[in-house]
Amino acid sequence: MTMDGILKRLADTERSILSVIGIILAVVLFLTVNLFSALVLGSQRTDLTESKLFTLSESTRSVVEALAEPVTVRLYQSRDLLEAAPQLKVYSERVNELLRTYSEMSNGMIRVEIVNALPFSSEEDRAIAFQLEGFQLSATGERGYFGLVATNSTDDVQVISFLTPDREQFLEYDLTRMVNNLANPRKPVVGVIDGLGVMGREEERIPPVALIRQMQQVFEVRSLVYDAEQIPPNADVLMVVHPAGLPEKTQYAIDQFVLAGGPVIFFTDPFAENS
């Protein structure tokens, strides 16, 4: 073999050795990073999902981290129901993971319990008592459940009767609302001066608009007369909707409410059809 051949063979051998060493170093680096993550980061996780499924909003973090009393969240999920409905089984994994995130963020103030409500068991009796929505699994009357029951130390209760995948994008909102309502049993009072009919008309069986119905889940929403002479002192917030032609005495009452430190939200529409 010529000298050139020997040198070429040595060069090829050197490249092979370097490739093997590179692979070994890559494996060692991978294992080291994972070991460091396990020892130092503990249960912290990086959210790589496209829609950030496990990244909680700042509003949720504020509610959860400010908890001053424990909240128990019981997830009723019947294994037979999840096995019979693959879509629910996939969604249940999301629900379980999100509840785990809430519990970790709360430093143990949110306690999560998973309940497999077996047919004709005491757990099923409690699910029925909480009015969870059951689904028949067999002709013998066996039923399955997939809902949430949350309680606080004073036995206040918040319930989601069925965790439908159709509300997946609102899951964090629903969970945070439950926790917030239990952490703050007294609902803030929102007084509404309504110039557009957003509060509905009970005598005509016209319900409030969707925004008001959503607010009623979190706040105590009270309708005030349009020509009010005084804003109730127990109102935490005043909401004035389209104040067209608002009487001077009501304007003065609003002015006094603001001067006393009361917050006011105005909604105006220069092109309102009902003004």
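Because the structure is a prediction, the values reported are computed rather than measured.
- A donor and an acceptor atom, one from each side chain of N152 and T154, are located under 3.5 Å apart.
- Sorted by first and then second residue, the ring-ring contact (aromatic ring centres under 6.0 Å, His included) pairs involving residues 138-195 (not counting sequence neighbours) are F135-F162.
- With sequence neighbours excluded, no residue forms a side chain to side chain contact (heavy atoms under 4.5 Å, CB included) with Q131.
- Here the closest heavy-atom approach between residue A117 and residue S78 is recorded as O-OG, 3.6 Å.
- For the pair S106 and L67, the tightest heavy-atom approach, listed with the atom from each and the gap, is CB-CD1, 4.3 Å.
- Judged by distance alone, the side chain of S57 and the main-chain N or O of T60 form a donor-acceptor pair under 3.5 Å.
- Screening residues 192-203 for side-chain hydrogen bond (donor to acceptor under 3.5 Å, both in side chains), with sequence neighbours left out, gives R201-E204.
- Atom CG in D174 sits 12.0 Å away from atom CD in E168 (nearest 0.5 Å).
- Put simply, the side chain of V73 does not reach to within 4.5 Å of the side chain of L175, judged on heavy atoms.
- Scored by the salt bridge (charged side-chain N to carboxylate O under 4.0 Å, His left out) test, R126 finds no partners at all (sequence neighbours excluded).
- For F267, the ring-ring contact (aromatic ring centres under 6.0 Å, His included) test picks out no residue, with sequence neighbours left out.
- The CD atom of E123 sits 8.0 Å away from atom CG of N116, with the distance rounded to the nearest 0.5 Å.
- For R186, the side chain to side chain contact (heavy atoms under 4.5 Å, CB included) criterion is met by V189, D236, not counting sequence neighbours.
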(request) Might you work through the side-chain contact (heavy atoms from CB on, under 4.5 Å) test for N96 and Q77, ending with a clear yes or no? (result) CA-CA 10 Å; N96 277 267; Q77 55 177 21; 3.1 Å; yes
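- Closest non-hydrogen pair, I231 versus A253, comes out as CG1-O, 3.7 Å.
- In terms of heavy atoms, P208 sits closest to M199 at CG-O, 3.4 Å.
- Under the 4.5 Å side-chain heavy-atom criterion for Ile, Leu, Val, Met, Phe, Trp and Tyr, M109 and L182 are members of the same hydrophobic cluster.
- Interatomic distance, M178 CE to Q217 CD, rounded to the nearest 0.5 Å: 11.5 Å.
- In the hydrophobic clustering of ILVMFWY residues, with side-chain heavy atoms under 4.5 Å counting as a link, L132 and I128 come out together.
- With sequence neighbours excluded, the residues that form a salt bridge (charged side-chain N to carboxylate O under 4.0 Å, His left out) with E113 are R74, R111.
- Remark: V90 engages no residue in a side chain to side chain contact (heavy atoms under 4.5 Å, CB included) (not counting sequence neighbours).
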(request) Assess whether side-chain contact (heavy atoms from CB on, under 4.5 Å) is satisfied between I193 and L246, documenting all intermediate values. (result) CA-CA 10 Å; I193 296 178; L246 202 64; 4.1 Å; yes
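- One hydrophobic cluster holds both V63 and L99 under the rule that ILVMFWY side chains link at heavy-atom gaps under 4.5 Å.
- Checked against side chain to side chain contact (heavy atoms under 4.5 Å, CB included), V209 has the following partners two or more places apart in sequence or in another chain: V198, L211, I212.
- For CZ of R79, the number of neighbouring non-hydrogen atoms (other residues, nucleotides, ligands) closer than 6.0 Å is 12 at most.
- Within the model, atoms CG of D125 and CZ of F130 stand 11.5 Å from one another, a figure rounded to the nearest 0.5 Å.
- Taking the salt bridge (charged side-chain N to carboxylate O under 4.0 Å, His left out) definition, one finds that K89 meets it with E83, sequence neighbours left out.
- Y91 and Y76 are assigned to two separate hydrophobic clusters, defined by single-linkage of ILVMFWY side chains at heavy-atom distances under 4.5 Å.
- Within a 6.0 Å sphere centred on CD of E248, other residues, nucleotides and ligands contribute 12 heavy atoms or fewer.
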(request) Could you give me the CA-CA distance, side-chain angles and deciding distance for Y252 and E229, then say whether side-chain contact (heavy atoms from CB on, under 4.5 Å) is met? (result) CA-CA 8 Å; Y252 179 77; E229 296 184 2; over 6 Å; no
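- When the salt bridge (charged side-chain N to carboxylate O under 4.0 Å, His left out) test is applied to R61, the partners found at least two apart in sequence or on another chain are E65.
- Side-chain contact check for L75 versus L163: some heavy-atom pair is nearer than 4.5 Å.
- In this structure, R100 and V112 have side chains that are not in contact, with every pair of non-hydrogen atoms separated by 4.5 Å or more.
- Scanning both residues, A228 and T250, for their nearest heavy atoms gives O-OG1, 2.9 Å.
- Taking 4.5 Å as the limit, every side-chain heavy atom of P188 sits out of range of all side-chain heavy atoms of V237.
- Judged purely by atom type and a 3.5 angstrom limit, N180 has no side-chain atom pairing as donor or acceptor with the backbone of T176.
- Judged by distance alone, the side chain of S103 and the main-chain N or O of I110 form a donor-acceptor pair under 3.5 Å.
- Residues satisfying the ring-ring contact (aromatic ring centres under 6.0 Å, His included) criterion with Y226, sequence neighbours excluded, are absent altogether.
- L148 and Y102 end up in the same hydrophobic cluster when Ile, Leu, Val, Met, Phe, Trp and Tyr side chains are linked at under 4.5 Å.
- For the residue pair L81 and G144, the shortest heavy atom distance occurs at CD2-C, 3.7 Å.
- Under the side chain to side chain contact (heavy atoms under 4.5 Å, CB included) rule, V190 has a single partner from Q216, R222, E220, M215, which is M215.
- Side-chain atoms of E124 come within 3.5 Å of backbone atoms of F120 as a donor-acceptor pair (strictly under, hydrogens ignored).
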